[in-house]
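In what follows, a structure is listed as structure tokens, so that the remarks can point back to it.
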Amino acid sequence: MLFLNRRGFAPALSCQECGWLTECKRCSAFTTYHKHSKQLLCHHCGASRPIPKQCGNCGSSRLAPVGQGTEQLEEHLQQLFPATPVTRLDRDSTRRKGALGALLDEINQAGPRLILGTQMLAKGHHFPFVTLVVIVDVDGALYSADFRAPEQLGQLLTQVAGRAGRGHDKGKVLLQTQHPEHALLQDIIHNGYASFARSALLERQQTALPPCQHLALFRAEALQSELCQQWLQHIADILRSNPALQLMGPLLSPLERKAGKYRWQLHLYSRQRPALHQALHQLLPELGRWPLSRKVKWQLDVDALDLS
């Protein structure tokens, strides 16, 4: 079984002359090249368009895929192992009704088989004949801006590795990485998830991040970036004098623009949950009376798990 948490053929198309990359017109993101459907698809807003024949910057026709997705890996495996059936399990291959059940039945048949897929493979499936698991390109999560990324990577590695050796035969797990010396990988490989979790918790204590502090996250989005910034800045100005709170922001979201709207955040941290909730309880009735609140779409996420 091969795990690659990136569907499509390649994360983008690039011009070989000037380096231009295909981007979504509505999001701050590249469009994924889907070879089978002959489309460029944004995995954030769902926008799609035909594959261009020329570079949008210099007009060159020398466009090539950058990076690797499950479609491309499937193609390589079919070339390398022509006598072995390959089953791909991702959101694209299971889109039609009944497709997931048919693919799982196919996987559970006895005999040699290569199973390829995204995070759909990691959760809740029992594959008794799988003895080798290969986790392809784990480096993407090692340097994320989200402080929970290492935690999520550790959980994912443990889940995917658990697909190997669930039958009578022992399992083996291989990781593909450009950074085999990375402390997270070394810890989880040699000491297991419990040791990694203890190290991660100590790091959170030292940096005063959840769960060692409580987090509330205000999100705002609008067609004009400055409206989001102004709205969140108003909140920050009101709460900044509260000694029980620590504020970070307003700041642009990691994905600055999605579906045509700009996105900003304001982080509120507190060691005392009652103090955090009291401040929010006093603030929330005021928000609806602000004229600016009618111009932005906003939400409050207490104990936020997703910082994107």
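Please read these numbers as outputs of a predicted model, since none were measured by experiment.
Side chains of R91 and T118: a donor-acceptor N/O pair is absent below 3.5 angstrom, by distance only. Under 3.5 Å, the side chains of D90 and T70 contain a donor-acceptor pair of N or O atoms. W231 and S293 form a side-chain donor-acceptor contact under 3.5 Å, judged by distance and modelled atom types alone. A donor and an acceptor atom, one from each side chain of Q78 and H76, are nowhere located under 3.5 Å apart. Side chains of Q213 and Q246: a donor-acceptor N/O pair is present below 3.5 angstrom, by distance only. In summary, the side chains of E106 and T87 do present a donor paired with an acceptor at a separation below 3.5 Å, with no hydrogens or angles considered. One side chain, Q233 or D237, offers a donor N or O that lies under 3.5 Å from an acceptor on the other. There is no side-chain donor-acceptor pair under 3.5 Å between W264 and S253.
The shortest non-hydrogen separation linking D187 to S199 is OD2-OG, 3.3 Å. Pairing each heavy atom of S60 with each of E17, the nearest pair is OG-CG, 3.1 Å.
Atom CZ of R273 is surrounded by more than 12 heavy atoms from other residues, nucleotides or ligands within 6.0 Å.
Residues C55 and C18 have side chains in contact (heavy-atom distance under 4.5 Å, counting atoms from C-beta outward). With contacts defined as side-chain heavy-atom distances shorter than 4.5 Å, the pair F147/P210 qualifies. Counting heavy atoms from C-beta on, the side chains of I188 and H182 never come closer than 4.5 Å. Within the 4.5 Å cutoff, the side chain of L156 has heavy atoms near those of the Q119 side chain. Looking only at side-chain heavy atoms (C-beta outward), L185 and P180 stay at 4.5 Å or farther from each other. When side chains are defined from C-beta on, L114 counts as touching L2, because their heavy atoms get closer than 4.5 Å.
Between H34 and H43, the ring-plane angle classifies as perpendicular under the 30° and 60° cut-offs.
Residue L13 holds its CG atom at 12.5 Å from CD of E23, rounded to the nearest 0.5 Å.
With S270 contributing its side chain and H214 its backbone, the two residues share no donor-acceptor pair below 3.5 Å.
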From CA spacing to verdict: salt bridge (Lys or Arg N to Asp or Glu O under 4.0 Å), K35, E71: CA-CA 8 Å; K35 186 176 180 180; E71 284 185 6; over 6 Å; no

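Under a hydrophobic clustering in which Ile, Leu, Val, Met, Phe, Trp and Tyr are joined whenever their side-chain heavy atoms come within less than 4.5 Å, directly or via other members, L217 and L232 fall into different clusters.
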